[in-house]
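Nothing here was measured: the structure is a model prediction, and the numbers come from that model.
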Amino acid sequence: MTARGRVGRALALGLLLASCSEPAPLEGRVDLERLRSAEHEPGQWLALGGGFRAERFSRLAQIDADNAAELGFAWEYEARSRRGRVEHGQEATPIVVDGVLYVSGPWGSVFAVDAKTGAERWRYDPEVDGGYARHACCDVVNRGVAVWRGRVYVGTLDGFLVALDASTGRELWRTDTLIERGARAYTITGPPQVAKNVVVIGNSGAEFGVRGYVTAYDLESGAQAWRFFTVPGDPALGEPEHPEIAAALETWDRDSSWESGLGGTVWGEMVYDPELDRLYVGTGNGTPYPVWLRSPSGGDNLYLASILALDPDDGRLIWHYQTTPGESWDYTATQNLILAELPIGGVARKVILQAPKNGFFYVLDRETGELISARPFVPVSWASGIDASGRPVASATASYRNAPAIVFPTQAGAHNWQPMAFSPVTGLVYIPAREQGMVMANEPFWRFAPGELNLGSVAIYGASAERLPEPERTRLETRELLIAWDPVAQRERFRVPVGSEQYAGGGVLATAGNLVVQGTSAGRLALYRADTGTRLAEIEVGTAIMAAPVSYQIDGEQYVAVIAGLGGAVASVHPRESAAWRYENYGRILAWKLGGGPTPLPRPREIRAIPEPPVLPNLSAAGAARGERLFVRHCARCHGGRGESRLSSYPDLFGLPAQTHAAFDSIVRGGSLSSAGMASFADVVSEADAAAIQSYLVREQAELRAASASGAGRGSP
Ligand code: CA
């Protein structure tokens, strides 16, 4: 059925339903009343964060610190989200309602399975054109669905918001959420959030150059209710869309880089607060990164890297708090938001908690937006602290305008999208944290290039920092940690090292059984004591876990479940510690319970020999050198570079078989593998460019093959 046909049918159905009394939905029965009293139904997991406070805390205590070692495999469901030869990452948190588990996967696919057995109820494929993958900075991931009154809402990679029947997975409506479709590289990777009568969705794409906004739609009809832009548009092209944009304009240069869209995308989890009737939204980084290229005279650049409280009825701004004024380091504030009531100076206050990429832990009053406290939870160099007015005290050493600078933390974030959890029992927040520094350098000749990465800067950190000389190399080493943070005292209670490579630790779950549960990219599910951090058990899974686990109960048995699968920001270069180096990487939902068996491991990874490269008629050293530059610009972002660490979600271009070489131009420029996710690059890669890239690949392939034949190298992953 065409999209128009689907909408037409949905409208007709909507009219039909409106004319009779509305039948109670069979499945997916989540509403505000139920969400508000979620504490009385600890067996459910009704929203991404568990309940409306989004604490990611389960009040179940059957699995506890005494019996955690008896946790065993209950069931698995293979997500089968592979397209062509590419397996994409899994970043979503499941929602479990009345025995059914709903979770999204790559492209905005949705799986609904029996939460007791793993049997499939339905699956939904939004049938996104595979070529759209080119617009995604960090894989075609999706971070979750919203389940509400018999419907499942999900955003698709290509920018649609879709409502599905929770009982059948049938599409009820879909609406185009994008402005400038086709002209800008917008994607949706974040989850929708229901706020009273509307469902709200943001988008991604600030690395390419888009203008951030969130849009609210009527839950029933999908009709647009309001839209809030997070940054101004070019004032020469029209009046500000809403009063908050007029106010924000004062914080931007009149000669800002309007054509770049300016960024500020909303790609993380939002939260609706029914106690105060407002929606909290975290916004992302600027485009390009350096403020001096984006807004030459500087300025705070509202509402980049901010937490916003919006009125769900009309989208008006109630308050805002900007975590990083003049954001220049990709310091998003899209990280997960937790609502709590904390004793502050002896008074119980309604607060919102966030640990954004910039390394500070923030406690804000959620009635007023007033900053209560902020302290760094890892080494931070861009600011020396936060002053009494709530503004960070910027550090001159973090500017890379005139010379490269070492900055802590990195673009990967002191904390990224992997959700943190809060236990009201221990009073601690458990942060998947990262101690890491970077060398950041300016690109003074940057000009906006539509459809391409527009960073205006380069940064070296993580695996690429291994190239640096001492002592910088040691100084910039990555430490992945699980940090238990006391949000009242603003201090660390304990820390657990979880690895030395980026994104080693996944999202976190805390439980009333005195447990903290976290998966690792090494392919293990770890259980710790929530009060001390003592490791109680570690289950070998064989599949990297990035997403956050949840817990629920069916027929008297408590389960822990997670969706596993490596990709996302490390899709182009899988960390060496990751399970993908040892086992086949594919998406799987896994569930465990007490007394379960050993978890089945995936097949060991197959190491293929490097095939003989073809003999190209016009192979020249100059052509290969030019091809290398083009490869770095257009190909490496997904496929990864040549070298020992080149294992990637995408096909290895340094070991292509003969038939792929023969079809090289038709793939790169003709788009013949577009449906599998390899878009045509004909708009930016000429025939001669493609030939140069292939020359480079053939030269490297011959070298690698010779090295592996002599035993000096390894096979092609
Ligand atoms: Ca970013």
Side-chain angles (χ1 to χ4, degrees), residues 82-87 130-131 133-134 463 566 571-574 576 578 580-586 602-682 684-717:
R82 199 176 172 91
R83 272 208 199 183
R85 290 165 61 194
V86 182
E87 189 66 50
R134 191 179 145 187
L566 191 67
S572 61
V573 186
H574 291 335
R576 286 179 150 282
S578 73
W581 281 84
R582 289 175 287 130
Y583 297 100
E584 251 180 46
N585 174 42
Y586 62 91
R603 277 192 302 277
R605 182 167 69 90
E606 200 184 313
I607 299 178
R608 283 186 291 272
I610 298 172
E612 193 172 344
V615 178
L616 296 183
N618 300 318
L619 185 61
S620 73
R626 196 170 82 85
E628 181 170 10
R629 290 193 297 274
L630 290 164
F631 173 89
V632 168
R633 178 162 179 191
H634 298 295
C635 317
R637 180 164 62 81
C638 288
H639 292 275
R642 179 196 152 162
E644 281 293 289
S645 60
R646 72 185 182 281
L647 181 57
S648 151
S649 294
Y650 302 92
D652 172 23
L653 301 189
F654 297 94
L656 292 175
Q659 65 268 30
T660 309
H661 272 297
F664 196 80
D665 192 75
S666 75
I667 295 168
V668 173
R669 293 171 27 81
S672 61
L673 291 182
S674 185
S675 66
M678 173 59 199
S680 164
F681 279 70
V684 287
V685 174
S686 69
E687 198 176 338
D689 290 345
I693 293 170
Q694 193 177 14
S695 296
Y696 163 64
L697 294 174
V698 162
R699 187 189 73 188
E700 300 298 304
Q701 186 169 341
E703 265 183 43
L704 285 165
R705 187 175 149 86
S708 71
S710 69
R714 50 189 311 135
S716 166

Atom pair CG/CG of Asn585 and Leu566 - distance to nearest 0.5 Å: 5.0 Å
Which residues share a side chain to side chain contact (heavy atoms under 4.5 Å, CB included) with Val684, sequence neighbours left out: Arg134, Glu452, His634, Phe681
Between Ala679 and Ser674, what is the shortest heavy-atom contact and its length? CA-OG, 4.3 Å
Side chain to side chain, Phe664 and Ile693, heavy atoms closer than 4.5 Å: yes
My understanding is that only residues two or more places apart in sequence, or in another chain, count here; which of them pass side-chain hydrogen bond (donor to acceptor under 3.5 Å, both in side chains) with Arg637? none
Could you check whether any side-chain N or O of Ser648 sits under 3.5 Å from a backbone N or O of Cys638, counting only pairs where one atom can act as donor and the other as acceptor? yes
Any side chain to side chain donor-acceptor pair (under 3.5 Å) pairs touching residues 663-673, not counting sequence neighbours? Asp665-Arg669
Atom pair NE2 (His639) and OG (Ser649), whose distance is rounded to the nearest 0.5 Å: 11.0 Å
List for me each residue that meets side chain to side chain contact (heavy atoms under 4.5 Å, CB included) alongside Tyr583, sequence neighbours excluded, and say none if there are none. Glu540, Leu601, Pro602
How close do Arg705 and Pro611 get, counting heavy atoms only, and between which atoms? CD-O, 3.5 Å
Can you see which heavy atom on Val573 is nearest to which on Gly640, and at what distance? CG2-CA, 4.4 Å
CZ/Arg626: more than 12 non-hydrogen atoms of other groups inside 6.0 Å: yes
Please list, chain by chain and in numerical order, all residues satisfying side-chain hydrogen bond (donor to acceptor under 3.5 Å, both in side chains) with Glu703, sequence neighbours excluded. Arg642
State the CZ-CH2 distance between Arg576 and Trp581, to the nearest 0.5 angstrom. 4.5 Å
Supply the atom-to-atom distance Leu630 CG to Ser695 OG, rounded to the nearest 0.5 angstrom. 10.5 Å
What heavy-atom pair brings Ala624 and Tyr696 nearest, and what distance separates the two atoms? O-CB, 3.4 Å
Nearest atoms (heavy-atom pairs only) where Ser680 meets Ala682: OG-N, 3.1 Å
Please examine the side chains of Glu628 and Arg699, heavy atoms only from C-beta on, and report whether any two atoms are closer than 4.5 Å. yes
Could you tabulate the donor-acceptor pairs under 3.5 Å formed by side-chain atoms of residues 654-663, not counting sequence neighbours?
{"unit_1": "His661", "atom_1": "ND1", "unit_2": "Gln694", "atom_2": "NE2", "d": "3.0"}
{"unit_1": "His661", "atom_1": "NE2", "unit_2": "Gln701", "atom_2": "OE1", "d": "2.9"}

Atom of Ala133, atom of Gly677 and distance for their closest heavy-atom approach: CB-O, 3.7 Å
